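These notes concern the structure reproduced below.
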There are 2 protein chains.
Amino acid sequence: MRTLKYALLGLIDREPITGYDISKEFEKRIMANFWHAKHSQVYPELKRLLDEELISFELIIQGEKMEKKLYTITPKGHAEFVAWLLQDEPLGITPKDVFRLRTFFSDFMSVADFEKHLHSQLDKHNLKKGYLESSMSNYYEAVPKYGSKEFGDYAVLLGAIMREDSYIAWLKVCLDAVSHQD
Amino acid sequence: MRTLKYALLGLIDREPITGYDISKEFEKRIMANFWHAKHSQVYPELKRLLDEELISFELIIQGEKMEKKLYTITPKGHAEFVAWLLQDEPLGITPKDVFRLRTFFSDFMSVADFEKHLHSQLDKHNLKKGYLESSMSNYYEAVPKYGSKEFGDYAVLLGAIMREDSYIAWLKVCLDAVSHQD
DNA sequence: GTAAATCATGTCAATAGTTACATGTTATAT
DNA sequence: ATATAACATGTAACTATTGACATGATTTAC
């Protein structure tokens with residue numbers, strides 16, 4: 001389906017960006033909440049988009065001699081991106097989740113071991129939720145206006161927080177279910 | 001990380017099973033809520049587990065001549081599986097979600113197009129939630145006892161329903177946010 | 001009876017994604 | 001000054017996953 005292609009086109013369509021900054025977006029910024037790619041996947045894909053004439057770049061010299069490539073979308077690239085954006089796809093496979101896999105097989109663990117797992121997972125998701133909430137309060141005081149890129153940022157960040165809330169609630173229900181069985 | 005390996009070992013450890021039934025588990029049954037693999041990935045992995053002596057199989061003749069392989073776990077396989085099960089792994093990357101990607105780029109759509117997307121997505125997730133809830137009410141009247149495989153089934157099914165609830169709630173919040181901007 | 005759906009097991013080519021290798025620059029903290 | 005972190009861009013080998021190809025048996029619905 002080449003989804004990475006459209007993730008890159010969209011980012012470049014938002015504003016000209018380097019491969020390095022695209023990778024950062026996937027690894028640490030808001031996009032990391034719903035997409036991921038290593039730089040070793042990003043650079044070859046950028047080259048491919050260049051070949052397809054969906055993007056172009058301008059060489060920038062940073063400081064004395066360090067080169068960076070600032071990518072810009074072409075009209076053809078923008079057209080393909082918008083066409084993809086409007087498509088209505090079927091749901092697709094449910095995302096993989098190693099912790100749910102372990103939970104599915106929890107009958108092979110003692111109650112104590114499973115409770116330890118649940119607490120550890122709870123800690124990790126609480127921490128993640130904390131990070132997300134601090135991003136949220138730092139960047140948005142009100143709901144951004146629809147049509148600005150801030151609206152997209154806000155919507156997916158909210159979705160990420162709600163996802164963490166739900167995961168945390170599930171872990172607590174599991175803890176409850178096992179603790180009432182001792 | 002070879003997670004598929006452990007997913008297969010766990011299933012085979014629950015009770016002897018064929019490659020075909022493992023594939024069904026990934027495609028239509030409870031496991032589909034947190035893991036997935038096509039039969040073209042399952043059969044070669046089973047062969048590999050055989051080579052590693054973690055499983056063995058018995059040939060069964062169904063009807064007149066149709067052969068099927070019923071896989072059983074070996075003591076070595078069970079030991080490796082339980083060792084994996086007790087491991088505490090870091091959270092890992094957030095799952096990819098094409099709809100969130102589209103939402104992130106929603107400023108490239110009209111409000112009407114985005115609302116259409118949201119409604120379509122809402123329909124799909126409501127349908128999915130309905131399926132999950134009917135499985136839940138069909139199979140479990142009370143919380144199954146911890147230690148039975150039904151407990152694992154119940155816990156992940158509950159998690160899947162909660163995940164759908166949260167996704168639906170997020171979609172409604174998005175709808176609300178855009179509709180108050182017209 | 002026969003067509004369609006499901007059962008049952010595999011391979012192969014291609015795409016997607018990860019890990020490790022490889023190199024050099026610039027800014028920041030001590 | 002100098003070490004460390006961050007900036008910046010790539011390639012290569014490997015693992016994971018998908019989609020298409022391939023084949024045949026058995027059950028179920030009409």
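Fair warning: this is a prediction, and the values are worked out from it, not measured in the lab. Convention: sequence-line order gives letters A, B, ...; per-chain numbering from 1.
- Below the 3.5 angstrom threshold, one finds no donor paired with an acceptor across the side chain of A:H36 and the base of C:dG17.
- Contacts with DNA chain C (heavy atom under 4.0 Å) in residues 61-71 of chain A: A:Q62, A:G63, A:E64, A:K65, A:M66, listed by number.
- At whole-Å resolution of the value, CZ in A:R2 and P in C:dA16 are 7 Å apart.
- Atom CD of A:E64 is surrounded by 12 or fewer heavy atoms from other residues, nucleotides or ligands within 6.0 Å.
- To the nearest angstrom, P of D:dT15 lies 12 Å from CD of B:E45.
- Listed by first and then second residue, the salt bridge (charged side-chain N to carboxylate O under 4.0 Å, His left out) pairs that reach into residues 89-109 of chain B are A:E89-B:R102, A:R102-B:E89, B:D97-B:R100, sequence neighbours excluded.
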N/O donor to acceptor pairs below 3.5 angstrom from side-chain atoms of residues 29-50 of chain B, sequence neighbours left out:
unit_1, atom_1, unit_2, atom_2, d
B:N33, ND2, B:I30, O, 3.1
B:E45, OE2, B:R2, NH2, 2.8

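- One atom, OH of B:Y43, and another, P of C:dC7, lie 11 Å apart when rounded to the nearest Å.
- Spacing between atom NZ of A:K96 and atom C1' of D:dT15 amounts to 12 Å, rounded to whole angstrom units.
- Contact of B:S40 with D:dG19 (side chain to base): a donor-acceptor pair of N or O atoms is detected under 3.5 Å.
- A donor-acceptor distance shorter than 3.5 angstrom exists from the side chain of A:Y146 to the backbone of B:S106, with no hydrogens or angles considered.
- Contacts between residues 14-27 of chain A and DNA chain D, defined by a heavy-atom separation under 4.0 Å, are made by A:T18, A:G19, A:Y20, A:K24.
- Of the possible polar contacts, one joining the B:S166 side chain to the A:M162 backbone as a donor-acceptor pair under 3.5 Å is found.
- Residue order along DNA chain C, read from the 5' end via each residue's closest nucleotide, puts B:L46 first among A:T3 and B:L46.
- The nearest whole Å value for the distance from the NE2 atom in A:H39 to the C1' atom in C:dA16 is 16 Å.
- For B:E150 and B:K145, the salt-bridge test fails: no basic side-chain N is under 4.0 Å from an acidic carboxylate O.
- Annotation: side chain of A:E67 is not in contact with side chain of A:Q62 (no heavy-atom distance under 4.5 Å).
- An OP1 or OP2 oxygen of D:dT11 is reached within less than 4.0 angstrom by a side-chain nitrogen or oxygen of A:K47.
- Sorted by residue number, the list of members of residues 49-59 of chain B with any non-hydrogen atom under 4.0 Å from DNA chain C is empty.
- Using the six-membered ring where Trp is involved, A:W170 and A:F99 have ring planes that are perpendicular, over 60° apart on the 30 and 60° scheme.
- Rounding to whole angstrom units, CD1 of residue A:I93 and C1' of C:dA16 are separated by 12 Å.
- Taking a 6.0 Å sphere around NZ of A:K116, one finds it holds 12 or fewer heavy atoms contributed by other residues, nucleotides or ligands.
- Salt-bridge check for B:E15 with B:K149: passed, with a basic side-chain N closer than 4.0 Å to an acidic carboxylate O.
- Looking at B:K5 and B:L54, their side chains come closer than 4.5 Å, going by heavy atoms from C-beta outward.
- For an aromatic pair to be called close, the ring centres must be under 6.0 Å apart, and B:Y6 with B:F81 fails this.
- Put simply, CD1 on A:I60 is 17 Å from P on D:dC7, counting in whole angstrom units.
- Axis angle, first five pairs versus last five pairs of the helix from C:dG1-D:dC30 to C:dT30-D:dA1: 40°, rounded to 10°.
- Between A:K128 and A:D123, none of the side-chain N atoms (NZ, or NE/NH1/NH2) sits under 4.0 Å from a carboxylate O, so this pair counts as no salt bridge.
- The interatomic distance linking A:Y6 (OH) with C:dA16 (P) rounds to 11 Å, in whole Å.
- Comparing D:dT9, C:dA16, C:dT19 by their nearest atom to the side chain of A:R48 picks out C:dA16.
- The main-chain N or O of B:P16 is never found under 3.5 Å from a side-chain atom of B:T72 such that the two would form a donor-acceptor pair.
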